[in-house]
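Input: a single structure, listed below in structure tokens.
Numbering starts at 1 and runs along the sequence shown.
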Amino acid sequence: MAQTIAQEWQAQKAEIDPLSMTATRGANAAIDKVSEKKTEVVEMLAEYGGTDLVCYRSTSPAELIERQAEAWDPLLDWIDSTFGARLTAHSGVMYAAQDDAALARLRDVVQGFDSFELSGFHDLVTLSGSLVIALGATQGYADTEAMWKLSRIDESWQEEQWGEDEEATALAERKRQDFANALKFFQQSRD
């Protein structure tokens, strides 16, 4: 991580571009923000498990329902077998409570991350909208690109139905790169 941060600084020209310095920003966040409010950060991230993206499924059309199930059910099975946390999928967008014991087990996993890991993990969760996808990414469930695609099933479906929106595509690409950078930061924090 130190080498990555040094390379980011060496790459700066006449003006410093903080947006090009993802590891530096992550380290600063870990030191200045996360370490000061670790309990609050852990709680905020763990709460995603109660309303996780992969647990809320479409009610139609049948093809999208099937696509979500094929992609997300194995991930929920993996979360259960890896962490002993069975989360339940629901149809629709109305809130449905998850098992408190399962959520507590996932919170314990997040609690085990240090401030640097939490800094990267925060971005993985918020960019994907999923504690489950972020845990899968950090634990090697699948590669970075596959994990990102798991978070974009609904958006990909919409693009297939209605065509691509240039602004939405550009924003999604920035988020995809941010997701990859966050995972790299998380992994480097463990080295």
Report, as yes or no, whether the 6.0 Å neighbourhood of atom [atom1] on [X] holds more than 12 heavy atoms from other residues, nucleotides or ligands.
| X | atom1 | answer |
| --- | --- | --- |
| E167 | CD | no |
| K175 | NZ | no |
| E173 | CD | yes |

Counting distance only, does the side-chain N/O of [X] pair as donor-acceptor with the main-chain N or O of [Y] below 3.5 Å?
| X | Y | value |
| --- | --- | --- |
| R25 | L19 | yes |
| S119 | S115 | no |
| E164 | T169 | no |
| E117 | R190 | no |

Does some side-chain heavy atom of [Y] sit less than 4.5 Å from a side-chain heavy atom of [X]?
| X | Y | result |
| --- | --- | --- |
| E8 | T22 | yes |
| L135 | V125 | no |
| K33 | E40 | no |
| R86 | D77 | yes |
| I153 | L64 | yes |
| L53 | L150 | no |
| T59 | V93 | no |

Do W72 and Q68 pair up side chain to side chain, a donor and an acceptor below 3.5 Å, judged on atom types alone? no

Donor + acceptor pair across side chains of D154, Q158 (<3.5 Å): no

Taking it one step at a time, do D73 and R57 satisfy side chain to side chain contact (heavy atoms under 4.5 Å, CB included)? CA-CA 11 Å; D73 287 353; R57 310 292 175 85; 2.9 Å; yes

From [X] [atom1] over to [Y] [atom2], what is the distance, rounded to the nearest 0.5 angstrom?
| X | Y | atom1 | atom2 | answer |
| --- | --- | --- | --- | --- |
| E159 | Q161 | CD | CD | 11.0 Å |
| M21 | T4 | CE | OG1 | 11.5 Å |
| D99 | R105 | CG | CZ | 6.5 Å |
| L127 | S151 | CG | OG | 8.5 Å |
| F121 | F185 | CZ | CZ | 14.0 Å |
| T138 | I133 | OG1 | CD1 | 12.0 Å |

Of the non-hydrogen atoms in L124 and A134, which two are nearest, and what is the gap between them?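 Closest heavy-atom pair between L124 and A134: CB-CB, 3.8 Å.
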
Closest heavy-atom contact between L87 and Q98?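 That would be CA-OE1, 3.3 Å.
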
Residue pairs meeting ring pair (Phe, Tyr, Trp, His ring centres under 6.0 Å), one or both in residues 132-153, sequence neighbours left out, come to W78-Y141, W148-F179

Taking only residues two or more places apart in sequence, or in another chain, which ones meet [X] in a side-chain contact (heavy atoms from CB on, under 4.5 Å)?
| X | value |
| --- | --- |
| A172 | R152 |
| N28 | T24, D32 |
| E63 | P61, W157 |
| S20 | Q12, D17 |

Pair up each side-chain donor or acceptor in residues 43-52 with any protein partner under 3.5 Å, not counting sequence neighbours, and list the distances.
unit_1, atom_1, unit_2, atom_2, d
E43, OE1, R107, NE, 3.2
E43, OE2, R107, NE, 3.4
D52, OD1, V54, N, 3.1
D52, OD1, S130, OG, 2.6
D52, OD2, S130, OG, 3.3
D52, OD2, L131, N, 2.7
D52, OD2, V132, N, 3.0

